[in-house]
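What follows is a short report on a single structure.
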Amino acid sequence: MQNLTELPVNATSQTSLSVIIKVCIVIPFFCAFLCCIGVMLHIFASHRQFLDTSRYILFAYMLINDTLQILSSVLLFLFVMGQVKLVLVCCVPLLLLSTATFQNTLLILATMSLERYVAIFYPLQRPAAWRSDRIWIIILSLWLLSCTYPIIEFAIGELDPAVDALSTPVSCKVTVVNSSAVQMLFKAAFYVLMFTLVAVVILFTYVRILMETRKMRQNRASVSKAMHTVLLHGFQLLLCLLAFTHPITETLIVLHANWLPEDIAFFNYFCFILIPRFLSPLIYGFRDQNLRDYIGKTFLCCSNNIKAAVIGKLQDSLSAS
């Protein structure tokens with residue numbers, strides 16, 4: 001009888017330890033991500049030359065979008081880990097934000113590739129919408145397009161009649177509100193179409209810029225740089241695709257390891273959703289020479305300020321003693 005009563009306690013303690021470990025892994029990554037994004041956004045806000053260039057404005061927009069995506073994703077993760085239940089009125093907006101920002105990333109990648117294409121082929125006669133003072137029109141259009149998909153997806157779903165949107169607490173997961181066969185088919189078709197269109201745009205701009213590089217004799221360096229930038233957008237698209245590899249990884253883990261379902265879900269979330277989203281803007285930001293120089297100066301200034309503060313406190317303590 002004593003062993004039987006101890007088993008649930010041991011199982012509960014192991015579950016609690018597993019939750020604590022997962023949270024302690026995710027939160028430092030999230031804080032490091034916010035720190036890096038905050039530094040880059042501070043640089044954009046402090047230096048006017050970045051806000052006068054369409055490419056940097058789109059990149060700043062991508063940083064804000066990825067921050068919202070990571071924030072909503074981590075909140076959903078913490079709710080699941082803490083077994084916090086919300087009413088649908090509070091849960092659906094959070095799920096909508098997470099889905100819309102993910103869609104927005106794909107649209108931003110395609111838009112940034114097209115911006116490089118326009119900058120190379122129409123340097124003097126750039127269309128009005130692509131100028132830095134009008135780029136907000138394109139950004140607003142991207143937001144509207146990215147929000148359309150989750151709204152339609154949630155609208156065509158069928159909620160459980162026993163669940164009241166205003167009073168019934170539910171686990172805040174996508175499967176709770178997007179579980180019907182129609183929604184799954186719509187989601188699969190939409191993502192295939194979205195990734196195909198974005199891949200075609202990136203491939204088209206890369207090939208056209210590559211052909212232009214071979215023809216041009218002057219200003220070849222800037223065209224070659226634009227080509228490498230578009231190629232980087234293709235790599236970022238592949239990072240986004242990792243979010244859909246969970247059926248493959250789940251099958252491989254089940255075949256070769258005896259993991260719990262929640263551990264498999266966390267592995268997929270951390271490796272194929274969180275880390276790619278964390279790396280994508282950082283790779284693009286640190287690759288840019290101008291932005292990298294300002295980032296280095298900012299971190300150096302912060303380290304010098306910290307050292308000065310520490311030395312000042314030590315001198316004050318020595319003088320007081």
Flag side-chain contact, heavy atom, 4.5 Å: V26 against F266
yes

Spacing of Q103 atom CD and F190 atom CZ [to the nearest 0.5 Å]
4.5 Å

V23 and L17: same hydrophobic cluster, using ILVMFWY side-chain contacts below 4.5 Å?
yes

Between atom CG of L109 and atom CE of M112, what is the distance when rounded to the nearest 0.5 Å?
7.5 Å

Give the C-alpha distance, both sets of side-chain angles, the deciding distance and a yes or no for side chain to side chain contact (heavy atoms under 4.5 Å, CB included) between F195 and C240.
CA-CA 9 Å; F195 274 97; C240 292; 4.1 Å; yes

So do C172 and C91 have their SG atoms closer than 2.5 Å?
yes

Are I139 and I137 connected in the hydrophobic side-chain network, where two residues link if heavy atoms are under 4.5 Å apart?
no

For the residue pair F59 and F50, is the inter-centroid distance of their aromatic rings smaller than 6.0 Å?
no

Under a single-linkage definition using a 4.5 Å side-chain heavy-atom cutoff for Ile, Leu, Val, Met, Phe, Trp and Tyr, are L197 and L106 assigned to the same hydrophobic cluster?
no

Ring geometry between F77 and Y269 (parallel below 30°, tilted from 30 to 60°, perpendicular above 60°):
parallel

Between R55 and T229, is any side-chain donor less than 3.5 angstrom from a side-chain acceptor?
no

Parallel under 30°, tilted from 30 to 60°, perpendicular over 60°: which one fits the rings of Y191 and Y149?
perpendicular

Rounded to the nearest 0.5 Å, how far does CD1 of I209 lie from OH of Y117?
9.0 Å

Side-chain heavy atoms of P150 within contact of L95, under 4.5 Å:
no

Would you check if the side chain of T101 reaches a backbone N or O of S98 as a donor-acceptor pair within less than 3.5 Å?
yes

For L68, does its backbone N or O pair with a side-chain atom of S72 as donor and acceptor, under 3.5 Å?
yes

So if you build clusters from Ile, Leu, Val, Met, Phe, Trp, Tyr with side-chain heavy-atom gaps below 4.5 Å, do F29 and L34 land together?
yes

For the residue pair F79 and L94, what are the closest heavy atoms and their distance?
CE1-CD2, 3.7 Å

Close side-chain approach of F278 and F30, heavy atoms under 4.5 Å
no

Please check: side-chain N/O of S73 versus main-chain N/O of Q69, any donor-acceptor pairing under 3.5 Å?
no

Any heavy-atom pair between the side chains of K173 and V80 that's under 4.5 Å?
yes

For a quick test of reading the model, state the closest non-hydrogen atom pair linking M81 to K22 and the distance between them.
SD-CD, 3.8 Å

When every non-hydrogen atom of I70 is compared with those of R277, the smallest separation belongs to CD1-CG, 3.2 Å

Any chain of hydrophobic side-chain contacts (each under 4.5 Å) joining L242 to L238?
yes

Mind checking whether M62 and Q236 have side chains closer than 4.5 Å, heavy atoms only?
yes

State, yes or no, whether a side-chain contact exists between I108 and N65 at a heavy-atom distance under 4.5 Å.
yes

Roughly how far apart are L232 CG and F235 CZ, rounded to 0.5 Å?
7.5 Å

Would you find more than 12 non-hydrogen atoms of other residues, nucleotides or ligands less than 6.0 Å from F121 atom CZ?
yes

Can you see which heavy atom on A129 is nearest to which on I138, and at what distance?
O-CD1, 3.4 Å

Verify, without hydrogens or angle tests, whether S146 (side chain) and W143 (backbone) share a donor-acceptor contact under 3.5 angstrom.
yes

Which distance, rounded to the nearest 0.5 Å, do you find between the CG of L279 and the CG of L239?
7.0 Å

Side chain to side chain contact (heavy atoms under 4.5 Å, CB included) between N104 and Y61, worked out:
CA-CA 10 Å; N104 217 357; Y61 171 53; 2.6 Å; yes

In short, I156 meets Q183 closest at the heavy-atom pair CG1-CG, 3.8 Å

Pairwise side-chain contact, N268 with I273, heavy-atom cut-off 4.5 Å (strictly under):
no

Is the backbone of W130 close enough, under 3.5 Å, to the side chain of S54 for a donor and an acceptor to pair up by distance?
yes

Taking C-beta and beyond as the side chain, do L51 and Y56 meet within less than 4.5 Å on heavy atoms?
no

Is the H47 ring parallel, tilted or perpendicular to the Y294 ring (thresholds 30°, 60°)?
tilted

Quick one: pull up CG in L142 and CG in L58 and give me the separation to the nearest 0.5 Å.
8.0 Å

If you draw a 6.0 Å radius around CD in Q125, do more than 12 non-hydrogen atoms from other residues or ligands fall strictly inside?
no

